[in-house]
Amino acid sequence: MPTRTRAQAAEDAPEDVEIGRAKATATDMDDAAEPVSFARLYRFATPLDGVLMAVGSVASLALGALQPGQMIVFGDIIDTIGDAALSGETGSVADQLRAPIFAFVYIAIASFFAGFTATFCWRWTGERQAATYRKAYLRAIMRQDVAWHDARATRGLAAAFAESTQLVELGVGTKLSEGLRFVGQALGGVGVAFYFQWDLTLVLLAVSPLSVGAARFLNLINGQTDRTMQAAFSDAGAVCAEVLGAIRTVASFSAEPRERARFEERLEPAERAGAAAGGRKGVAQGLMSATANLTIAVGIVYGAQKIAAEREATGCLATGTCAVSGGAVLLTMFALNQGAQALGFLGQSFSAISKARAAAGRMEATMARSPPIDAFDLRGAVLQREQLHGHVRFESVAFRYPARPDAQIYTDFSLEIAPGTTCALVGGSGSGKSTAVALLERFYEPERGRVLLDGVDLRALQLRWLRQQIGMVGQEPTLFDGTIAQNIAYGRPDATREEVAEAARMANAHNFVAAFPQAYETRVGQGGGQLSGGQKQRIAIARAILKNPSILLLDEATSALDTESERVVQAALDALLAAQKRTTIVIAHRLSTIRTADKIAVVGQGGVLEEGSHEQLVAKGEDGHYFKLLHRVHDGGSGRGGNNAATEAGAGSGAEAPLAVADGDEVAATPTARTAHASVSDGTPSHAGAAVEAAAAGASAPSKGAVAPPAAETPEARKAREKAARAERAAVAKAQRGRVWAMQAPERPYLALAVLGAFLLGATVPVVGVLFMRLIRTFFYPEPDVVRRQAWLWAGLMVGISALQVLMEVARSYGLGVAGERLTRRLRAQAFGSMLRQEIGWFDMPANSAPNLSANLSRDVTLVTAVTGEATGVQLANFATVVVGLGLIFGLGAWQLGLVAIGVVPVVGAAIALEFMVIMGGDEASQAKKDEAVAGAKDDAPVSAEDAAKRAHAEAAAQRKREQSGQAAREHASTVVGQLASSVRTVASFGLEGVLFDAYAAAIDSARDARVRGAWLPAMITGFSQFAIISAICALYALGGELVAQGEADFESMFIVIFVMIMMAVGLGQVAQGATDQTKAAQAVGRIFDVIDRQSSLNPESSTGATLRAAELRGHVRFESVAFRYPARPDAQIYTDFSLEIAPGTTCALVGGSGSGKSTAVALLERFYEPERGRVLLDGVDLRALQLRWLRQQIGMVGQEPTLFDGTIAQNIAYGRPDATREEVAEAARMANAHNFVAAFPQAYETRVGQGGGQLSGGQKQRIAIARAILKNPSILLLDEATSALDTESERVVQAALDALLAAQKRTTIVIAHRLSTIRTADKIAVVGKGRVLEEGSHEQLVAKGPRGHYAKLIAASAQ
């Protein structure tokens, strides 16, 4: 690695920076990038890919051209049989058909090889190029600076990555193959038509705009409807996700009916749009069929006129020298029709390729962007270890966040930190404390000024080396979804297992890690969700210890922890500092933690207001900024919390913190497969918590969920069991389908109209086949006048049938459209309403997380439309087609040929369905994954050990199948992208770009290899489907020729069977293709009804139960010998004998260690859960005897991380009481010290707060939540460390608002306290632990128990 002198590095820095800025800016948005050229789309093609594409292109063109080539042979067959019928000499027909029949066989074989080769080559090269695209795109994203990521939603980045790469994969592979096939078919069809009958071709082309216009009309309607419905469903989905994600807040405010009404209101536009579009779609679809029939009629009439005119003029029929034959006319029409169909399908391929070009353009814009701070740039100086002292200096720095250019953070920030010293940064929210850390990590560049390390401008140092010298431990550390060992090793990826374990020991983490059954191989879950806050923090510290940085950044690493966890974590931090003298920067909100710092810098007003030691700054007296901060702390209690760049820039994060961070109570969980972790919006506990106690005690008992292998059973018993299970599933599915139809009882008139239209529409299809045969027969009458008359007659009937088809199509589409959209709204509303009625424990189950439920609701209801929507209309029509078709085959056709056709129809239909599935496979790839995720959601009902074991075996088999198909590897790759998107700063800080990229590349290469190995299957399906269709029809021609030769059939009876059979086969192909949808729909119906029918054990909408009059309500709370376990963690006992009494109008504080059960008391009082044993009473009445809605209306909750909803400030405050007037809302805001900042916004109370309140700072959100509680005016108030995560100034203001709330009315108050200094004045303090109340009393009474008292021990630990 090259090194340069400090002088050289400093000299080069400005030039490097300017070049970077010239190349790109942080606000470059690749969304507006131009699409790449068609050739550029294949930029990653290798010579092998070139060969594969060349061979695949030839095969695709050949496959397409073979389709109209069949029509030439078809014309010969028509002429052979027609001429024989015309002359009456049919005995030699079979011999004359031998050559055309063999030609069909050759075409079938050629189609097989062309189809196989085209599909295999394009899938192979598509997978190869797509894998390269994915790796190049991710590498480009990883090298971008943090400012680039700030301009994009982190979750949106992962979704955009998946969407763009999927579109490119389709564009460079299967879609181009299909497009070339359609090009070959279109060129072949038009070429054949012009070659045989150029004038007829021109006539048919003249009427083709009618078909094109009808198709465009249909596409226009579909596009408009889809956009309207998608927007409506997106709005409704956002409400669903928001509400379910904040279900505890919703339940606490008894807002379930309001939220259900809001959800249904968002669904109404989709219902109106879908119902209105039904009739218009029917018109468009009917016109498409009608114009196709009209084109046939025009072609037949023109061909008949031409044949009749030639016969009259030349008498060629007698001499057999006619230039125009019926077969030539028909092959021209069919070939041109196939060409036109190909052009129609070609639009889909062009659209897919266009989307791929646009996606590649967005990707290339990112790949081409050279960021000013490049994570993969290895240029720059590297200081030798002995040269590195850790001397940090900020020189006149000016800075604004690129994503918020209107907010000036620094104007003239200067600060010097001597090597090996500790400097603490203090100041108000948004003052710029975290900005200094971000600039030192070089997440951003200063607008002006410099940041230097040992006298070298950071811009002159190699970025990767610089970040390797810096270690960061924040308030909410980020862990990745992997094992504990992997997360610690991220500090130094080449570390040995012994070094990892030693780092864990130094971080006081080894003991709890070793207590887990899998020790260091225990998976931590997404974001570390399976660990408690203290455990996560110690893992993060172990990671920093392993990194062994020269500069340490501590962002209030213990602020959100309870006393015991803080003591342990602080000891780990002390060990880290003691291990080596290092420069340390501490971002402090709690000033008591930084008194011993070598330097304290007060940050504000764009610079450093004052600096010095604690004693020096205090000596400045009342005029000093630090002195004022200390004074506010003494007035308002100790403040603490987290500050980040987004806050300083004026934006907040709307994400709801996982409970393990937000609460610090029942948060840890033994990370096993059965452990569930729920994101909690309002500071209440997760069900996963109590496992901390088991882990701390070294519990290693086997999980209750463990199951033994199933007992052996005989093959006969297994078959009988499986048969019974299938019968049961079929009966249940049938009953559920009947229930779906019963739900549509109000729409019976519409359904009747739809059924009538669908049946008549289907019946006309084989009739059109008979009419077509009659039209063909007209060519082979000897008399020219008869030819003309018959052509006009049957053409007129064809037009009449077409008009009837339009009417029936309108009836079918309109009736099903109205009924289907109303059903969709009804099912969504009922399912969502049922979810809102469920007890909180149901949401704790992993399958019932908010993202799962909202995604499943959308997916399942969409699938259900296959039961009663347009797909059902198609099935009804096809049923009529089959019934009428069979009648026509055996009534008018040759019965012998009809019997063979019955066997051929399923083969041809299956082949059509298989080919359609292959064509649509690329589009459904991502859909299948979502469907599997939906299907994977399991109910929480108990199962037997045998069933559980069998399910485990089935899941293992499914996993092996997924691994073989490459899907598992792709999912792992997606996880890597998601980790990057949600943890950009952690990835950058630890220089994990290379590690994560290598993991992603390995997963993608594995998926590519697996999918390439499996490319033969869709290739075989394509080849087989082509071969089967042609061979089946060929067999009918051969048999029909034999029957005609033997006198068992004539021209009409033979071709009636063939044409009707083709119509039936197309319909059965649609039914077979829809069979998968029907299966998925049946599963979806079951899941929806499982949700709708589930009876909640705690129904908030139930009116049963007593209510106390306001005059009687005193607020006397009593827990009597309560035993409790969270339903999702039955192996973790939280309470064994919890008893506590809280007198009316008094304040009781709950204190204790992590996992002791503090927040559980709040959850039981809100009646989120029921005790296993014992009672919770309000004014002497068991809570179970009170009306649940009334109970929750008497309780107000203000948590550490309050949940706000995406709406205006006024709407969020009024959430406490929806009927409140604007004056009452404003008054509540005044009492909460919120009115002034609200009034300062341009839109005042109509200002939107953003998702989760993301547009407000932490203090502003907290005051809005307090205003909401004030407006609710509860009799019982629950405060879950409501000021713990705020800086000093915000805490002072929020605490004043809380004091006002308590002073306004004497009310029973329960405070969950982690900081003991905040609850000394409480009327009662209860120390919770070991499943009960260990001791209780006032502060003085508990302290008087001496050092052996539990409370005294907590105070001592806090003092340490």
Side-chain angles (χ1 to χ4, degrees), residues 55-81 93-121 177-178 180-196 325 327-328 330-342 345 900-901 904-905 907-912 914-916 918-919 1019-1042 1054-1055 1058-1059 1061-1062 1065-1066 1069:
V55 174
S57 297
V58 172
S60 296
L61 289 169
L63 179 61
L66 285 170
Q67 304 303 311
Q70 300 175 44
M71 296 302 101
I72 300 175
V73 182
F74 172 72
D76 290 342
I77 293 175
I78 289 289
D79 280 340
T80 299
I81 299 177
V93 165
D95 294 333
Q96 295 174 16
L97 286 179
R98 190 166 291 113
I101 294 298
F102 274 108
F104 257 123
V105 173
Y106 298 146
I107 291 175
I109 295 173
S111 296
F112 172 83
F113 285 107
F116 179 90
T117 303
T119 303
F120 184 79
C121 288
S177 172
E178 294 163 13
L180 289 171
R181 172 181 169 182
F182 295 139
V183 167
Q185 183 173 331
L187 293 177
V190 175
V192 168
F194 270 105
Y195 178 80
F196 282 94
S325 67
L330 288 175
L331 77 88
T332 299
M333 292 172 55
F334 283 152
L336 188 62
N337 181 60
Q338 286 196 334
Q341 285 182 345
F345 285 121
V900 176
V904 168
V905 164
V907 176
V908 177
I912 292 173
L914 285 172
E915 183 171 10
F916 183 79
V918 169
I919 291 175
M1020 184 66 73
I1021 290 174
T1022 301
F1024 169 76
S1025 65
Q1026 294 295 318
F1027 180 83
I1029 293 171
I1030 300 173
S1031 299
I1033 296 176
C1034 180
L1036 290 178
Y1037 284 145
L1039 178 59
E1042 289 289 344
M1054 172 183 171
F1055 281 102
I1058 292 175
F1059 288 141
M1061 183 275 299
I1062 291 174
V1066 172

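Values below: all heavy atoms of this structure, side chains included; hydrogens, waters and symmetry mates excluded.
Leu336 CG to Phe194 CZ: the interatomic distance, rounded to the nearest 0.5 Å, is 7.5 Å. Here the CG atom belonging to Leu66 is positioned 7.0 Å from the CD1 atom belonging to Ile1030, to the nearest 0.5 angstrom. Considering CD1 of Ile1029 and CZ of Phe1024, their distance stands at 9.5 Å, rounded to 0.5 Å. Put simply, CG on Leu180 and CZ on Phe182 are 10.5 Å apart, with the number rounded to the nearest 0.5 Å. With rounding to the nearest 0.5 Å, the separation of CD1 in Ile1058 from CG in Leu1039 is 9.0 Å. Taken from OG in Ser1031 to CG in Leu1036, the straight-line distance is 11.0 Å, to the nearest 0.5 Å.
Side chains of Met1054 and Tyr1037 form a contact here, defined as non-hydrogen atoms less than 4.5 Å apart.
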Check: residues 95-113 side-chain donor-acceptor pairs under 3.5 Å, at least two apart:
from	atom 1	to	atom 2	distance (Å)
Asp95	OD1	Arg98	NH1	3.2
Asp95	OD1	Arg98	NH2	3.2
Gln96	NE2	Ser92	OG	2.8
Ser111	OG	Ile107	O	2.8

For residues 71-79, run the donor-acceptor check on the side chains, cut-off 3.5 Å, and write out each pair with its distance to 0.1 Å, sequence neighbours left out.
from	atom 1	to	atom 2	distance (Å)
Asp79	OD1	Ser325	OG	3.4
Asp79	OD1	Gly327	N	2.6
Asp79	OD2	Ser325	OG	2.8

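When every heavy atom of Ala335 is checked against every heavy atom of Val192, the shortest pair comes out as CB-CG1, 3.8 Å. Between Gly1041 and Val93 the shortest heavy-atom distance is O-CG1, 3.9 Å.
Sorted by first and then second residue, the side chain to side chain donor-acceptor pair (under 3.5 Å) pairs with a member in residues 61-72 read Gln67-Gln70, Gln67-Gln1026; sequence neighbours excluded.
Partners of Ser177 by side chain to side chain contact (heavy atoms under 4.5 Å, CB included), not counting sequence neighbours, listed by chain and number: Ser60, Ala118, Trp122. For Ala1035, there are no side chain to side chain contact (heavy atoms under 4.5 Å, CB included) partners two or more places apart in sequence or in a different chain.
The backbone N or O of Gln185 lies less than 3.5 Å from no partner atom in the side chain of Gln338, so there is not a single donor-acceptor pair.
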